[in-house]
Every structure is written in C-alpha cells, then in structure tokens.
Amino acid sequence: MRKNTNSNISEYEMMTETPVQRLILRLSVPTVISMLITNIYNLVDTAFVGRLGTSASGAVGVVFGFMAIIQACGFLFGQGSGNLISRKLGQKDYDAANVIASTGFFVSLFFGFVIAVVCRLELHPIVMVLGSTDTIAPYAETYIRYILIATPFMAAGFTLNNILRYESKATLGTIGLMTGALLNIIGDPIFMFGFKMGIAGAGLSTCISQIISFLVLLGMFLRKKTTSRLSIRYISLKPSLMADIVTTGLPSLLRQGLNSVATILLNSFASVYGDAAVAAMSIVSRIIFFVIAFGIGIGQGFQPVCGFNYGAKKFGRVRSAYKVTIFMSETVLVIAAIIVLALSGRLIGIFRDDPEVIVIGIRALRIQGVALLAVPFCMSTEMMLQCTGRKVGASLLSSMRSGLFFIPILIILANLRGLYGIEESQAWAFVLSFVSALPFAVHFLRKMKVDEGS
C-alpha cells in the first residue's frame with residue numbers, strides 16, 4: 001500500500017484550500033491551451049486540405065465525424081476513470097486510484113483496436129454512412145485509412161489526457177497534445193505538397209503525430225510524474241468497477257458520440273445540396289468548436305476542483321467553483337462570439353475561397369455564433385453533475401445538448417426550411433439545452449446545501 005507522500009499531501013491542500021477563482025484559473029489555462037492547440041491543428045488541417053478542392057475539404061468533415069467516435073471511446077474511459085480518481089484522491093485513497101487508472105487505460109487501448117479492425121473491414125460503407133457523397137468518398141477513404149492505424153493510440157491518448165486533468169496535472173497533458181499538434185501542423189505541408197501525397201499526406205501526418213502524442217503522454221506515467229500509476233498488475237475487471245467507470249463516463253460518451261452522430265447527419269442532409277454545402281457546414285463546425293473550446297477548457301479546469309472537493313465533502317467550494325466557471329466561460333464566449341460575428345466572411349474564406357461555400361457558411365456561422373451564449377451554463381451544470389456522481393442527470397443533459405434536441409430539430413428544419421433549416425438547427429439545440437439545464441442545477445444545488453447541513 002502506497003503511503004501518503006509530501007507531494008500527495010501538498011496536492012490535497014492545494015485542491016481544498018486555494019481560493020477557487022485562482023485554482024480554476026490555474027488549472028484551466030493548460031486545458032484551454034491544449035484545447036486550442038488541438039483545434040488550431042484541426043483548422044490548419046482543414047485549410048491545407050481545402051487547397052485540394054471542395055470535395056477534399058468535405059472529406060475532412062466526413063472523417064471528423066469518425067474521429068469524434070474515437071474521441072468518444074477515449075473520453076468514456078478517460079472521464080469515467082478520471083472522475084473516480086479525483087474523488088479517490090480527495091479521500092486520500094491512492095491505491096484505488098492506481099487500479100482505476102490502469103483499468104481505464106488498458107481497456108481504452110483494447111476498444112480502440114477493436115474499432116480500427118472493424119472499420120477497416122468495411123471501409124467504403126463506413127465513409128458513406130459518415131455522410132460522403134460519391135465525389136467525396138475517394139478522398140475520405142484515403143484519409144481514413146491512416147486514421148485507422150492510429151485509432152488505438154488516439155483512444156488511449158484521450159484517456160491518459162483526461163486522467164492527467166483529473167489529477168490536476170493538466171500541464172503534462174498539454175505537453176503531449178502540443179507535441180502531436182505541432183508535429184501535425186508541420187507534417188501537413190511536407191507530406192501533402194513536399195512529397196506530393198495530397199490528402200494521403202494529411203492522413204499520414206495525423207497518424208504519425210497522434211502516435212507520438214500518445215507516447216509522450218504515456219511517458220508521463222512511466223516516468224512517475226503522476227499521482228496514479230499504470231501497470232498491468234493493477235488492472236481489475238471486476239464488474240462493479242467496470243460498471244462504475246462506464247456509467248461515470250457515460251455522459252462523455254453520449255456527448256462525444258452524439259456529436260459524431262450529429263456531424264454524420266449534418267453531412268448527410270447537407271450533401272443533398274452538393275459538396276459546397278458539406279464543405280461549408282464542416283468549416284462552420286470546426287470554427288464553432290474552436291470557440292466552444294475556450295469554454296470547455298475552463299470547464300475542464302473546474303472538473304478536478306469539483307470532484308476533489310466533493311470527495312473531501314467541501315460542498316461550499318463546489319458551489320463557488322461552479323459559479324466561477326459559468327462566469328468565466330460566459331465572459332470568454334461573449335468576446336469570441338463578437339469576433340465571429342464581425343469576421344464571419346473572412347473566417348470562412350480562410351478555409352475555402354469557393355463563393356458558394358462562403359455564402360452558405362456566413363449565415364450558419366452567424367446564427368450559431370449568437371446561440372453560443374447559451375452553452376456555458378448547460379456545460380458547467382453537466383460537468384458538475386458528472387463530477388459528483390449524478391450519472392443519470394449528467395447523461396440526460398449530455399443527451400439533450402448533443403442529440404435529443406439537435407437530431408430531431410435537424411430532421412424537422414431540414415424538411416421544412418431546406419438548407420436554411422440545416423444552418424439553424426444547432427443554434428436551436430443550444431438554446432433548448434440551456435432551458436433544460438435550469439431545473440437540474442437548482443435541484444442539485446439545493447440538495448448539496450441539505451447534505452452540507454446534515
């Protein structure tokens with residue numbers, strides 16, 4: 001049994017005694033940076049591929065839907081195990097943290113391998129289901145072949161990064177993500193244009209960079225820079241532990257998985273209006289996700305604070321951290337939304353200079369930019385419920401924001417208003433999710449006050 005070291009004790013004091021505003025800011029800076037770096041890579045990748053033509057640009061959006069599935073797998077085990085780890089660390093149970101971390105990591109690696117094998121056997125049907133048109137499919141198939149090679153490492157890498165965040169060591173995760181993203185940005189022009197590989201070069205660059213990013217993240221654990229340890233001997237496949245990890249990570253799986261389904265449906269509905277519509281909605285999705293990354297990064301700084309202090313039964317700090325997170329996220333997204341509204345045409349034009357793509361993209365980007373202001377409250381509430389073990393509530397909110405609202409709205413508006421309806425669907429989903437989060441937040445905050453007084 002591992003004894004409480006000085007570093008573990010000082011970490012406990014930091015997480016339970018540092019003023020929450022300063023603590024969230026400290027923990028959110030590296031997570032915001034890592035989110036931005038990842039999204040900058042996505043945007044740069046989109047811009048480089050856009051030089052190959054509208055169909056190639058649409059292929060990036062199609063494969064992005066598949067990469068969201070990989071991310072969902074990594075987040076299921078990463079957020080599931082990470083949440084449990086943060087609470088165990090709050091209780092000073094370090095041996096349990098080792099078991100949870102090792103189990104989450106190795107199971108994630110295994111499932112990533114399964115996804116890669118299954119999808120490789122049915123490559124063409126997969127890209128068509130993801131929303132390809134006949135002209136986009138050849139580009140998407142070429143790109144996704146390389147992504148499949150890296151799939152196990154990508155899934156496990158997302159898991160490791162999440163565990164690091166919940167240990168309050170987000171800076172270490174940022175180093176791993178930054179390494180991969182920078183290598184990808186450098187590799188894109190070299191492979192695509194230097195070696196004249198075209199979209200295959202973009203896929204190869206992504207594959208190599210993701211594997212290296214995984215190795216850097218794994219090295220943090222092997223070099224014992226983390227609180228929890230990874231080892232095959234720590235793996236536990238007890239049904240109770242597996243169920244706890246999966247159900248705790250379920251909101252993240254729903255959020256990421258439904259995002260993937262939403263992206264696939266969006267591509268499918270947009271494909272009726274041609275490659276330009278697919279490319280435009282793909283570009284808009286990338287830009288909006290880049291903006292939301294600021295809020296998600298701040299929320300990810302809040303998660304270890306919430307889980308750790310809830311485990312330590314410091315409920316007042318949980319409430320304070322929740323309010324601070326909403327305020328900080330809302331402030332940042334208001335500024336970002338203003339920039340998006342003012343520069344929408346130029347932003348779309350950076351990625352594809354096709355006039356039809358720009359016209360479609362401007363309207364969709366402006367509508368979604370305004371609706372972004374509804375996201376911070378819903379997102380913070382969802383994260384608070386997940387980090388405190390309210391699995392059903394967190395799962396419901398994740399389902400609403402990412403699918404239960406968006407998917408039917410998309411189907412209805414696409415049939416009623418055509419392309420305009422497709423452009424408007426995400427904005428309506430944001431607004432309805434805000435309204436649905438209100439009763440969840442009120443009920444939980446009242447319940448926590450009762451628990452605090454008992």
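These numbers come from a predicted model, not from an experiment. The analysis underlying the following values was restricted to heavy atoms, covering all of them including side chains, and did not include hydrogens, waters or symmetry mates.
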Quick check against the 3.5 Å criterion: does [X] have a side-chain atom that pairs as donor or acceptor with the backbone of [Y]?
X	Y	value
Ser329	Ile326	no
Glu167	Ser228	yes
Thr248	Ile245	no
Ser205	Asn184	yes
Ser102	Ile235	no
Ser108	Gly104	no
Arg87	Cys387	yes

For the student: nearest non-hydrogen atoms of [X] and [Y], plus distance:
X	Y	result
Cys73	Phe111	SG-CB, 3.7 Å
Phe440	Gly393	CE2-CA, 3.8 Å
Gly295	Met379	O-CE, 3.1 Å
Tyr234	Leu230	CD1-C, 4.4 Å
Thr388	Cys306	CG2-SG, 3.8 Å
Gly176	Val216	CA-CG1, 3.7 Å

Check your understanding: Among Thr159, Leu237, Ile232, whose side chain to side chain contact (heavy atoms under 4.5 Å, CB included) with Phe106 holds?
Key ->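 Passing option: Ile232.
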Point to revise | Member of Leu215, Ile211, Leu217 meeting the side chain to side chain contact (heavy atoms under 4.5 Å, CB included) criterion with Phe153 | key: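 Going through the options one by one, the only one that passes is Ile211.
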Crowded around [X] [atom1]? As in, over 12 foreign heavy atoms under 6.0 Å?
X	atom1	result
Tyr420	OH	no
Arg145	CZ	yes
Phe290	CZ	yes

**Study point:** salt_bridge(Arg363, Glu424) N-O dist < 4.0 Å
**Key:**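 Yes.
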Exercise for review: Evaluate the criterion side-chain contact (heavy atoms from CB on, under 4.5 Å) for residue pair Phe48 and Val60; output intermediate values, then yes/no.
Suggested key: CA-CA 10 Å; Phe48 277 126; Val60 175; over 6 Å; no
Exercise for review: Give me the ring orientation class for Phe214 and Phe105: parallel if the planes are under 30° apart, tilted from 30 to 60°, perpendicular past 60°.
Suggested key: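 If you compare the ring of Phe214 with that of Phe105, the planes turn out parallel.
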Review point. Run the ring-ring contact (aromatic ring centres under 6.0 Å, His included) check on Phe405 and Phe430 step by step: do they pass?
Key: CA-CA 9 Å; Phe405 286 142; Phe430 285 157; over 10 Å; no
**Study point:** Over-ring placement of Arg51 relative to Phe193, 6.0 Å and 45° cut-offs
**Key:**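 Positive - Arg51 is close enough to the ring of Phe193 and near enough to its axis.
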Heavy-atom check, side chain of [X] versus side chain of [Y], under 4.5 Å:
X	Y	answer
Phe406	Ser433	no
Cys207	Ile147	no
Ser28	Gln300	no
Gln368	Glu423	no

Point to revise | Result of checking Thr226, Thr174, Thr227 against Lys169 for side-chain hydrogen bond (donor to acceptor under 3.5 Å, both in side chains) | key: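 With Lys169 as partner, side-chain hydrogen bond (donor to acceptor under 3.5 Å, both in side chains) holds for just one option, Thr227.
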Check your understanding: With sequence neighbours left out, what residues match Ile208 under side chain to side chain contact (heavy atoms under 4.5 Å, CB included)?
Key ->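 Per chain and number, Ile208 pairs via side chain to side chain contact (heavy atoms under 4.5 Å, CB included) with Phe191, Leu204, Ile212.
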